Amino acid sequence: MALLLKNAHVVDPAVDLDGVMDVLVEGDVIAAVGEGLACEGAEVIDLTGKYLVPGLVDMHVHLREPGFEAKGDIESETAAAAKGGFTGVCSMPNTNPVTANGVGGEYIKSVAAAKGHCRVYPAGAMTKGLKGEIIAEMGDMVEHGAVAFTDDGRGIQGAGMVRRAMDYGQMFGKTFMSHCQDDDLVGDGQINEGAVSTRLGLLGWPAEGEELQIARDITIAELTGAKLHIQHISTAKGLDMVRAAKAKGLPVTCEATPHHLFLTEDAIDGTYNTCFKVNPPLRTAADAEALIAGVIDGSVDAIATDHAPHSDWEKSREFELAPFGMTGLETALGLVITNLVKTGKISFGRMVELMAIAPRKILGLDQVTIAEGSVADLTVFDADAAWTVSEEDFASHAKNSGFKGVELTGRATDVFVGGKRTLANGVVC
């Protein structure tokens with residue numbers, strides 16, 4: 001049955017749309033876009049007062065399956081994605097077994113096809129077992145749907161290994177996504193090294209432990225000609241390095257997470273709330289301000305969540321024993337609208353670039369536009385919906401959000417993936 005989405009405020013900078021109009025969906029594609037559309041027999045959905053944009057894509061998500069289903073699984077975490085307004089996610093390979101060959105990618109795709117609530121684009125490991133020793137089976141993974149390569153979860157420590165992986169893997173035209181962490185310098189660091197780590201008696205994690213590998217990987221990307229994407233960038237100096245690389249014309253991009261944009265090390269206090277223990281750590285207020293400036297001026301290419309579900313018992317341990325990471329799929333859209341759009345820092349069009357257009361471009365995916373013939377991956381949200389983040393409301397298995405109790409404005413109401421509704425009036429289908 002055709003769907004007629006009426007009276008939505010459509011925003012898509014790729015086709016210069018920003019106004020109230022109708023969208024007709026037939027099958028899995030957009031059949032028409034315009035004012036006063038009609039279609040006999042179509043299901044009519046009135047979206048008056050709501051925004052309709054190209055489907056959001058989170059290019060940095062941990063689905064945990066296979067191997068860590070106690071934390072979350074493909075079904076639960078794609079449900080969280082749908083509830084957050086996402087039509088697609090890029091899954092990280094640090095599963096058990098590591099996604100380092102075509103079999104792993106096929107498993108993820110098959111489970112997502114059977115149980116998922118959004119599209120899943122698997123990323124493949126750069127090295128076998130994420131050990132940084134032997135190149136993973138890149139060609140096999142690409143043949144079976146891998147959209148990028150990354151050893152996310154840990155940085156590859158050997159510069160020579162990074163070069164070999166890039167030299168070999170660039171033939172496939174995929175982006176290398178880099179988790180920048182110098183283990184020798186970071187050591188057992190828990191939070192950003194500075195006044196807060198000293199006051200709380202927690203081992204510090206210096207910004208240089210991230211920045212050294214950003215500089216190294218940019219240099220190796222220039223040497224090899226490979227496309228490089230810096231994951232979850234968290235420091236002002238690191239962002240300046242990316243700016244310099246872009247100015248030289250290098251194919252270097254970066255992402256920032258909502259928690260590095262809207263939280264700082266000052267959120268960590270004497271309660272030792274482990275939801276604020278993330279990798280890389282929450283940095284200073286000056287770093288967060290610099291990242292927001294990068295979002296505004298285009299230096300930050302994409303907003304991604306690094307959605308990292310953990311079981312309650314893991315995060316309930318002592319701070320130094322608890323794992324790094326927080327969830328983010330269900331809060332990202334509201335956080336961006338509340339802190340960036342509603343404050344006038346960016347437009348809804350820029351938000352679409354950051355959360356829909358750029359992720360697809362970096363991952364080499366087909367773009368989605370609000371135009372006739374485009375696949376009907378669509379996100380609908382109420383920009384004025386006021387809500388309070390509550391773990392009782394999460395679709396994710398995990399509750400380790402650093403934004404619990406925060407009041408937000410703006411929330412997804414409906415999601416369509418290939419014309420199929422996966423979120424209806426805020427309820428996951």
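Since this is a predicted model, take the numbers as computed values, not measurements.
Checked by atom type, the side-chain pair E314/S311 shows a donor-acceptor distance below 3.5 Å. A donor-acceptor contact closer than 3.5 angstrom is absent between the side chains of D306 and H259. Counting only N and O atoms by type, the side chains of T271 and N273 include no donor and acceptor under 3.5 Å apart.
The salt bridge (charged side-chain N to carboxylate O under 4.0 Å, His left out) search around K6 returns D22, not counting sequence neighbours. Under the side-chain hydrogen bond (donor to acceptor under 3.5 Å, both in side chains) criterion, D58 pairs with T305, sequence neighbours left out.
Between H232 and H60, the ring planes lie tilted relative to each other; the angle falls in the 30° to 60° range. In this structure, Y51 and H9 have parallel ring planes: the angle between them is below the 30° cut-off, well short of the 60° mark. The aromatic rings of Y272 and F319 lie perpendicular to each other, with more than 60° between the two planes, well past the 30° mark.
By the 6.0 Å contact criterion, NZ on K420 is open, its count of non-hydrogen atoms from other residues, nucleotides or ligands being 12 or less.
Ion pairing of D240 with R243 is present here, as a side-chain N (NZ or NE/NH1/NH2) and a carboxylate O approach within less than 4.0 Å. We find that R421 and D414 are joined by a salt bridge, their nearest charged nitrogen and carboxylate oxygen being less than 4.0 Å apart. Checked for salt-bridge contact, R154 and D183 meet the test: a charged N lies under 4.0 Å from a carboxylate O.
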